[in-house]
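Below is one structure; the comments refer to it alone.
Values below: every heavy atom of this structure, side chains too, minus hydrogens, waters and symmetry copies. The structure presented is a predicted model; accordingly, all values stated were derived computationally and were not measured.
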Amino acid sequence: METTTGTVEKNQSHTKEGMVLLDGGTFIMGTDSLKGFPKDGEGPVRNVELKPFYIDQYSVTNRQFKAFIEQTGYVTEAEKFGWSFVFHHFVSEKVWAQKPQRVPNIPWWVAVEGAYWNQPEGPGSTIEYRMDHPVIHVSWNDAHAFCEWAGKRLPTEAEWEYAARGSLEQKLYAWGDELIVDGKHQCNIWQGDFPNKNTARDGYIGTAPVDAYNPNGFGLYNVCGNVWEWCADWFSPRYHWESSNTNPTGPHAGQVKSMRGGSYLCHKSYCNRYRVAARSSNSPDSSTGNIGFRCVADVDH
């Protein structure tokens, strides 16, 4: 039952509750937009064919992850390492007094000892009032372990983008091309002067509940902003050149895993990657205060 390094026993009560069945088929993946980042491998645009699959409506929540931990005794990598990255605005005076290490060139990330999924800002913090928020401080390996337990898996990049587009063709966002619609914010990203002042005009400084804002055309919530979401694939900037056009799974090996969707820290001046075609990556053992995940499942035949 319990493991920290090996295979996690599956949750025998797994169901497709909370998931959406997508028919698959052919869609236009990637972008050649001038707002994109060619060096990330967002293009060229191409037709991709996918088989049907299920996908979670929401990112995995603290409540769901807590159930996984309680049933399996799994220990996350942030707990093993003894620390995780916390955004500087959320670091307490007590932690600052300990002179924590910052990341060179991106000093808004602070290595906080004792930060992990259950105390996201370090010792003294809690998820008590954030049970319906996405779990954070989970590495790719942690997310993979949860999926094994749940009888699911992480989405491929192609599955993630197909689902995030919600049947819209070549739009910037999951709802269209305009960031604000009828005066209303559609996602949880940074407003103001990054990384100094977040005006929180979208309603949130940090993570938002997983059902915040309107769903896309497939009924999925927060595929743009809120938290980055791990994908199954190894990351390559040549993804669109090297991958199959039918059920692509990315490179066979690599050093970093793909992430999609952007987060509450994304801003057009720094990280305009809350677009549905945008891509990023991180090492499989990395964890931060703005990375989560959602699951997919195969269709049984």
Side-chain angles (χ1 to χ4, degrees), residues 11 13-20 54-72 74 76 78-79 84-87 89-90 115-122 124-139 142-147 149-152 154-155 160 163-164 166 174-175 184-191 198 200-230 259-266 274 287-297:
N11 175 13
S13 63
H14 162 66
T15 70
K16 298 297 192 300
E17 182 180 355
M19 305 189 84
V20 175
Y54 290 93
I55 186 167
D56 288 344
Q57 284 186 278
Y58 313 104
S59 300
V60 172
T61 64
N62 283 314
R63 179 175 289 104
Q64 291 170 313
F65 201 77
K66 184 172 185 286
F68 160 62
I69 297 296
E70 290 177 345
Q71 183 171 331
T72 65
Y74 181 85
T76 62
E79 293 171 89
S84 188
F85 287 118
V86 176
F87 187 67
H89 283 184
F90 305 142
Y116 71 107
W117 72 272
N118 200 30
Q119 44 187 44
E121 291 77 51
S125 63
T126 178
I127 60 170
E128 182 179 358
Y129 302 107
R130 288 180 273 180
M131 297 303 286
D132 60 345
H133 285 227
V135 64
I136 51 178
H137 296 295
V138 286
S139 69
D142 298 332
H144 177 71
F146 176 95
C147 288
W149 169 77
K152 303 179 183 181
L154 289 171
W160 191 97
W175 55 86
K184 295 182 179 180
H185 290 272
Q186 304 298 304
C187 65
N188 179 19
I189 56 175
W190 186 282
Q191 288 92 41
N198 187 348
R201 289 176 180 167
D202 57 28
Y204 302 94
I205 292 287
T207 58
V210 296
D211 60 353
Y213 309 102
N214 293 322
N216 74 356
F218 288 153
L220 308 186
Y221 290 77
N222 289 300
V223 287
C224 295
N226 212 22
V227 292
W228 283 102
E229 297 184 0
W230 288 113
M259 305 188 303
R260 289 299 200 111
S263 81
Y264 63 88
L265 295 179
C266 282
Y274 39 87
S287 65
T288 71
N290 69 335
I291 302 178
F293 66 103
R294 77 179 68 212
C295 310
V296 299

Nearest 0.5 Å, what's the CE-CH2 distance between M259 and W160? 11.5 Å

Check whether any side-chain heavy atom of S59 lies under 4.5 Å from a side-chain heavy atom of E229, and answer yes or no. yes

Looking at the rings of F146 and F293, which for Trp means the six-membered one, are their centres under 6.0 Å apart? yes

Minimum side-chain heavy-atom gap S287-W117 below 4.5 Å: no

Kindly say whether R294 contributes a backbone atom to a donor-acceptor pair with the side chain of D56 at under 3.5 angstrom? no

Judged by atom type as modelled, is there a donor-acceptor pair below 3.5 Å linking the side chain of Q57 to the main-chain atoms of G219? yes

Nearest atoms (heavy-atom pairs only) where S84 meets H137: OG-ND1, 2.8 Å

Do you know which two heavy atoms are closest between V296 and P155, and how far apart they sit? CG1-CB, 3.4 Å

Just so I know, are the side chains of S263 and W228 near enough to count as touching, which here means a heavy-atom distance under 4.5 Å? yes

Taking the ring centre of each residue, are F87 and W190 less than 6.0 Å apart? yes

Are T76 and F65 packed together at the side-chain level, in the sense that at least one heavy-atom pair is separated by less than 4.5 angstrom? yes

As an exercise, state the distance from OG1 of T126 to CD of Q119, rounded to the nearest 0.5 Å. 8.5 Å

If I compare all heavy atoms of W175 with all of C224, which pair ends up nearest, and what's the gap? CZ3-CB, 3.8 Å

Nearest heavy atoms of P120 and V86, plus distance in Å: O-CG2, 3.5 Å

Could you give the distance from CZ (F90) to CD1 (I205), rounded to the nearest 0.5 Å? 6.5 Å

Keeping W230 on the side-chain end and D142 on the backbone end, is there a donor-acceptor pair under 3.5 Å? no

Is there side-chain contact between N290 and I136, with at least one heavy-atom pair below 4.5 Å? no

For the atom pair OH (Y221) and CG (N214), what is the distance rounded to the nearest 0.5 Å? 7.5 Å

Nearest 0.5 Å please: distance from the OH atom of Y213 over to the NZ atom of K184. 12.5 Å

How long is the span from the CG atom in N62 to the CG atom in N118, to the nearest 0.5 Å? 8.0 Å

Over all heavy atoms of both residues, which pair between M19 and C295 is shortest? Give the atoms and the distance, please. CE-O, 3.8 Å

List the atom of L154, the atom of C147, and the distance in Å for their closest heavy-atom pair. N-SG, 3.7 Å

side-chain hydrogen bond (donor to acceptor under 3.5 Å, both in side chains) with N226: of T207, D202, N188, only one passes, and it is N188

Does some side-chain heavy atom of P209 sit less than 4.5 Å from a side-chain heavy atom of Y204? yes

